[in-house]
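Structure first, then comments.
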2 protein chains.
Amino acid sequence: MPQQKSEHIPRATIQRLAVYVQVLENLQREGTEVISSEPLAKACNVNASQIRKDLAYFGEFGVRGVGYYVKNLIASITSALGVDREWRTVLVGVGNLGKALLNHKEFRLRGFNIVGAFDCDPFKIGEEVSGLEVVCTKRLREMIGDNGAEIGIITTPPERAQRAANHLVEAGINGILNFAPSRITVPDHVNVEYVDFFHHLYALSFNITHPNTK
Amino acid sequence: MPQQKSEHIPRATIQRLAVYVQVLENLQREGTEVISSEPLAKACNVNASQIRKDLAYFGEFGVRGVGYYVKNLIASITSALGVDREWRTVLVGVGNLGKALLNHKEFRLRGFNIVGAFDCDPFKIGEEVSGLEVVCTKRLREMIGDNGAEIGIITTPPERAQRAANHLVEAGINGILNFAPSRITVPDHVNVEYVDFFHHLYALSFNITHPNTK
DNA sequence: CCAAATTTGTGAAATAATTCTCATAAGTTA
DNA sequence: TAACTTATGAGAATTATTTCACAAATTTGG
């Protein structure tokens, strides 16, 4: 139902939509059923017309004179983002972080099922982590043929991230979440998102060091 | 030495500077000593003049006809970001994620020392994690008076994040890294950065679902 | 049932960020 | 040392994003 009307949607809009969902879910947990763009904006730390414009890319979800029904709006946004379904994912790099993610229940809860764990270390292959047997990274293609995963999660050391990405791309994945602290190069049709909280610490460091530039 | 010349610096520039450092460090590890903006841009997936403009906010670091000396440029950028020093941090919320971060060696390596661990759960108080004794969150102010931390890391459940933030602000912290999946409200002088990799998974989901809008 | 009060959705205006272009400086070679 | 090559730095042009302002839609109260 929420079909986007217009051509190009700013990346920043997508990031904010994720924030809106987060805040709306917390509001819902606290019992709020209806909210207008003004207080929602305050909670999200953005401008109210920003919210309305962001939503307008996908349709009309509000009621004039009333606001937005929280439950409805969550459904509309998650549908717009495509997260109202199950996404099958595989993880490459079963180190400390990889294991922590494999054991993280939230993934399944949010619809991102980890259905495969891969590593190139012979000592790790065969090990069982969170109900999954660790498989050699070279077998990615064959395994994905079976389990139909679409998203790959990279948790290798930086120097092995590009190789992991190559294997994932070859196996037909079209989205990569890269936790390794290095940039990877992939074909145009593959989407990459980087997670590195040191980047955020750097931003804090800068902002604290230069309070005037805020 | 790298003193920023101009008034306002885009947030996006700061984020990119962190990426440049990451890529430059990997280049350095591989033995590259000099690089020009063009190949650096390719490795960072940005435009070359973007890099030159970003750097220009802070000074002139390149040599015309040559490029940038990798080691030098890393030093210049880290200095501009203020990460060429030690930052003392405290962590609030000693759950799974909190413990994982406390045990993460990279923090110290990158100059972000975790010097205090706090939790409001009586069962956790007194426990030792990675050489730190877990202290009651109410004692944040007194402890920060002693250890002089400037950055707080929140790893509580979402419903306790705001309270943790309040305690941190009261204790005089001026930067917060929030891993809890909820937005927090703080005074203007306090900087907040949010880390939530589900937001990135949402972005992947959207981009895979709407390949045309890329 | 109408008038007042809300609050959305949207085009226009204002701001901000990115990319282009080129003069200038540094290095290299003969 | 002069001509040639390379690549930076900075202003101009372009493109993108955010904010404003208001008409249209809806509810509420008398």
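What you see below is based on every heavy atom in this structure, not just the backbone, and it leaves out hydrogens, waters and symmetry mates. So you know, we letter chains A, B, ... as the sequences are listed, proteins then strands, and number each from 1.
- With sequence neighbours excluded, the residues satisfying salt bridge (charged side-chain N to carboxylate O under 4.0 Å, His left out) with A:R141 are A:E170.
- Atom pair A:L55:CG and C:dG9:C1' shows a separation of 10 Å (rounding to whole Å applied).
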Check: residues 111-119 of chain A side-chain donor-acceptor pairs under 3.5 Å, at least two apart:
{"from": "A:N113", "atom 1": "OD1", "to": "A:R108", "atom 2": "NE", "distance (Å)": "2.5"}
{"from": "A:N113", "atom 1": "OD1", "to": "A:R108", "atom 2": "NH2", "distance (Å)": "2.9"}
{"from": "A:N113", "atom 1": "ND2", "to": "A:E86", "atom 2": "OE2", "distance (Å)": "2.5"}
{"from": "A:D119", "atom 1": "OD1", "to": "A:D121", "atom 2": "N", "distance (Å)": "2.9"}
{"from": "A:D119", "atom 1": "OD2", "to": "A:V94", "atom 2": "N", "distance (Å)": "2.7"}

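- Contacts of residues 15-33 of chain B with DNA chain C (heavy atom under 4.0 Å): B:R16.
- The separation between B:E38 atom CD and D:dT8 atom P is 9 Å, rounded to whole Å.
- Ionic pairing of A:E25 and B:R183 is not present here: no N-O contact between side-chain nitrogen and carboxylate oxygen is shorter than 4.0 angstrom.
- Here B:H199 pairs with nothing under the side chain to side chain donor-acceptor pair (under 3.5 Å) rule; sequence neighbours left out.
- When rounded to the nearest whole Å, the span between CG of A:L73 and C1' of C:dT8 equals 12 Å.
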Scan the side chains in residues 32-45 of chain A for donor-acceptor partners under 3.5 Å anywhere in the protein, sequence neighbours excluded, and list what turns up.
{"from": "A:S37", "atom 1": "OG", "to": "A:R52", "atom 2": "NH1", "distance (Å)": "3.0"}

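- The CG atom of B:L101 lies 6.0 Å from the OG1 atom of B:T155; values are rounded to the nearest 0.5 Å.
- Rounded to whole angstrom, the span from the OH atom of B:Y57 across to the C1' atom of D:dG9 amounts to 13 Å.
- Between D:dT17 and A:H8, a contact under 4.0 Å exists linking OP1 or OP2 to a side-chain N or O.
- The interatomic distance linking A:F61 (CZ) with C:dT7 (C1') rounds to 17 Å, in whole Å.
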| task | Treat primed atoms plus P, OP1 and OP2 as sugar-phosphate and everything else as base, then score nucleotides 20-30 of chain D 5' to 3': B for base contact with protein heavy atoms under 4.0 Å, S for sugar-phosphate contact only, - for none. | result | BB--BBBS---

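- Counting to the nearest Å, the C1' atom of C:dG9 and the CZ atom of A:F58 are 15 Å from each other.
- For the ring-ring contact (aromatic ring centres under 6.0 Å, His included) with B:F197, the qualifying choice from A:Y194, A:F197, A:F107 is A:F107, the only one to do so.
- Residue-to-nucleotide proximity on DNA chain D shows that, of B:S37 and A:P10, the 5′-proximal contact is made by B:S37.
- We find the OG1-CD1 distance between B:T89 and B:I173 to be 8.5 Å, quoted to the nearest 0.5 Å.
- Between the NZ atom of B:K42 and the P atom of D:dA7 there is a distance of 12 Å, rounded to whole Å.
- Note on A:T13: nothing from the nucleic acid sits closer than 4.0 angstrom, heavy atoms only.
- What separates CD of A:Q50 from P of C:dG11 is a distance of 17 Å, to the nearest Å.
- With values rounded to the nearest 0.5 angstrom, A:I9 atom CD1 is found 6.5 Å from B:H210 atom NE2.
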